[in-house]
Asker: 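I'd like to ask some things about the structure below.
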Protein chains: 2
Amino acid sequence: MTDQIVTPFRSESHNHKRCVTDAMALAEERCARRGARLTRIRRRVLELIWSRHEPVKAYDLLDQLREEHRGAAPPTIYRALDFLLAEGLIHRIESLNAYIGCGDPSHPHLGQFLICERCNAVAEMDDDDIRDLLAHKAALQGFHVNWQTIEINGVCPSCRAIPNGTVSGNETDTPADRCR
Amino acid sequence: MTDQIVTPFRSESHNHKRCVTDAMALAEERCARRGARLTRIRRRVLELIWSRHEPVKAYDLLDQLREEHRGAAPPTIYRALDFLLAEGLIHRIESLNAYIGCGDPSHPHLGQFLICERCNAVAEMDDDDIRDLLAHKAALQGFHVNWQTIEINGVCPSCRAIPNGTVSGNETDTPADRCR
DNA sequence: TTGTCACATGTTATTCTATTGCAAACAATG
DNA sequence: CATTGTTTGCAATAGAATAACATGTGACAA
Ligand SMILES: [Zn+2]
Ligand SMILES: [Zn+2]
Ligand SMILES: [Zn+2]
Ligand SMILES: [Zn+2]
């Protein structure tokens, strides 16, 4: 079975705190092994990203960071994001100018993202079939692939269960909200 | 054969003027049939986009438009781009914040883009196999697809022919330059 | 300990990308 | 002509990201 789901859509009842601490532990471990310095700021930014199950914007992170860290400025955030991207701890969603935690930082990869346009939840796949098919089709054009950006918008399983025009209980719910 | 190349990588010797006028003729025809108003500004913006065989930035278009149209401002460009996107006459390349002419506006589609990181040339595919595989993989997660963003970065055939570290004749060449 | 070096952060300003809101101009229709 | 909807002009602002340079910090060797 070549297809692999790195970050699935989560059930409404999953333990969200656990989910964050697990991700942080993986990050600590990986950085330690690689001699990468997961400093206080970088760690905190990663934690802020993980604390939502949806793509987070750089300036949202900045606002949150400012509350506890006077003097935080755009470069503070973008440097942390650059580090986290380089270490494979987060991914950037190009179509949203936003960032999301990687569910499997153990090996570097480009993901394929399923983005719900109703609730903003995101699932990450790392599917060999997709990667290979794209590489094959590109090769037919004589093109050598270095990087793939694959972002799929649509409706996630939970939202499909809700009749289309229905006004849900709370339209401003975020994926993380539904986990609490 | 399900795979389809909408805009191939062009040979260095193709007739570039012809290529632009053909695209404009298709656009005129399509807008006429649909009752869409391809106004002077919109037409000119489309022409500016087609006159390069690479993704063009909004503010580059603005600079060019200003030279012949005093009073052009950001909204002037973005409104034109919105119209052209809505009519399927151009595509937006998310990973570059840039826009490129669509090689087949006759039917609306999401494309798959091959972007050369050396010369900035872009080829557009509209490949059913890719579309279907993604839809299938998404369905396995219970996800319903509405939109796909697929952008593949790498090295185009012409650039692969040039040894890697070689300094080419003119590094600032654009795809359109090479066509003249 | 002290010096040194690489790396990380602070600070200010700027660039690039895109949207909002409202007024004026224009085109199609009857 | 009058009406209506669309397009454009214009000024301001929001949002995303980087540049440039100064300052701080931690590891390590002299
Ligand atoms: Zn990942
Ligand atoms: Zn959803
Ligand atoms: Zn197209
Ligand atoms: Zn190339």
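Predicted model, so just to flag it, every value in this text is computed and none were measured. Every chain is numbered from 1 and lettered A, B, ... according to where its sequence line falls, protein lines coming before strand lines.
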Asker: Rounded to the nearest angstrom, tell me the gap between atom CG in B:L62 and atom P in D:dC10.
Answerer: 13 Å
Asker: Between A:L46 and A:R43, is there a side-chain heavy-atom distance shorter than 4.5 Å?
Answerer: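 A side-chain contact under 4.5 Å is absent here.
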Asker: Side-chain atoms of residues 98-110 of chain A: list all donor-acceptor pairs with protein atoms under 3.5 Å, sequence neighbours left out, distances to 0.1 Å.
Answerer:
unit_1: A:Y99; atom_1: OH; unit_2: A:R92; atom_2: NH1; d: 2.9
unit_1: A:D104; atom_1: OD1; unit_2: A:S106; atom_2: N; d: 3.2
unit_1: A:D104; atom_1: OD1; unit_2: A:S106; atom_2: OG; d: 2.5
unit_1: A:D104; atom_1: OD2; unit_2: A:H107; atom_2: ND1; d: 3.2
unit_1: A:H109; atom_1: ND1; unit_2: A:H107; atom_2: O; d: 2.9
unit_1: A:H109; atom_1: NE2; unit_2: A:H91; atom_2: NE2; d: 3.3
unit_1: A:H109; atom_1: NE2; unit_2: A:E124; atom_2: OE2; d: 2.6

Asker: Taking the side chain from A:E151 and the backbone from A:S95, do they hold a donor-acceptor pair closer than 3.5 Å?
Answerer: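 Flag set: sc A:E151 to bb A:S95 pair under 3.5 Å.
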Asker: What does the B/S/- profile of nucleotides 15-22 of chain D look like, 5' to 3', with a 4.0 Å heavy-atom cutoff to protein?
Answerer: -BBBBB--
Asker: Is there a donor-acceptor pair closer than 3.5 Å between any side-chain N or O of B:R118 and the backbone N or O of B:V155?
Answerer: no
Asker: Heavy atoms within less than 4.0 Å of DNA chain D: which residues of residues 28-42 of chain B have one? Give them sorted by number.
Answerer: B:R37, B:T39, B:I41, B:R42
Asker: Same cluster for A:L38 and A:V45 if Ile/Leu/Val/Met/Phe/Trp/Tyr side chains link at under 4.5 Å?
Answerer: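 Linked within one cluster.
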Asker: Which residue pairs pass the side chain to side chain donor-acceptor pair (under 3.5 Å) test with at least one member in residues 64-75 of chain B, sequence neighbours excluded?
Answerer: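 Pairs touching residues 64-75 of chain B that pass the test: B:R44-B:E68.
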Asker: Hey, could you give me each pair passing ring pair (Phe, Tyr, Trp, His ring centres under 6.0 Å) that has a residue in residues 122-162 of chain A? Not counting sequence neighbours.
Answerer: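 For residues 122-162 of chain A, and leaving out neighbouring residues, the ring pair (Phe, Tyr, Trp, His ring centres under 6.0 Å) pairs sorted by first residue read A:F143-B:F9.
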Asker: Below 3.5 Å, can you tabulate the donor-acceptor pairs from side chains in residues 71-89 of chain B to any protein atom, sequence neighbours excluded?
Answerer:
unit_1: B:T76; atom_1: OG1; unit_2: B:A73; atom_2: N; d: 2.9
unit_1: B:T76; atom_1: OG1; unit_2: B:A73; atom_2: O; d: 3.1
unit_1: B:E87; atom_1: OE1; unit_2: B:R34; atom_2: NE; d: 2.8
unit_1: B:E87; atom_1: OE1; unit_2: B:R34; atom_2: NH2; d: 3.2
unit_1: B:E87; atom_1: OE2; unit_2: B:R34; atom_2: NH2; d: 3.2

Asker: Nearest whole Å is fine: how far is C:dA8 P from A:H69 NE2?
Answerer: 15 Å
Asker: In whole angstroms, how far is the C1' atom of C:dA8 from the CZ atom of A:F83?
Answerer: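 Answer to the nearest Å: 11 Å.
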Asker: Rounded to whole Å, how long is the line connecting atom CZ of A:R44 with atom P of C:dT9?
Answerer: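 After rounding, the reported distance stands at 15 Å.
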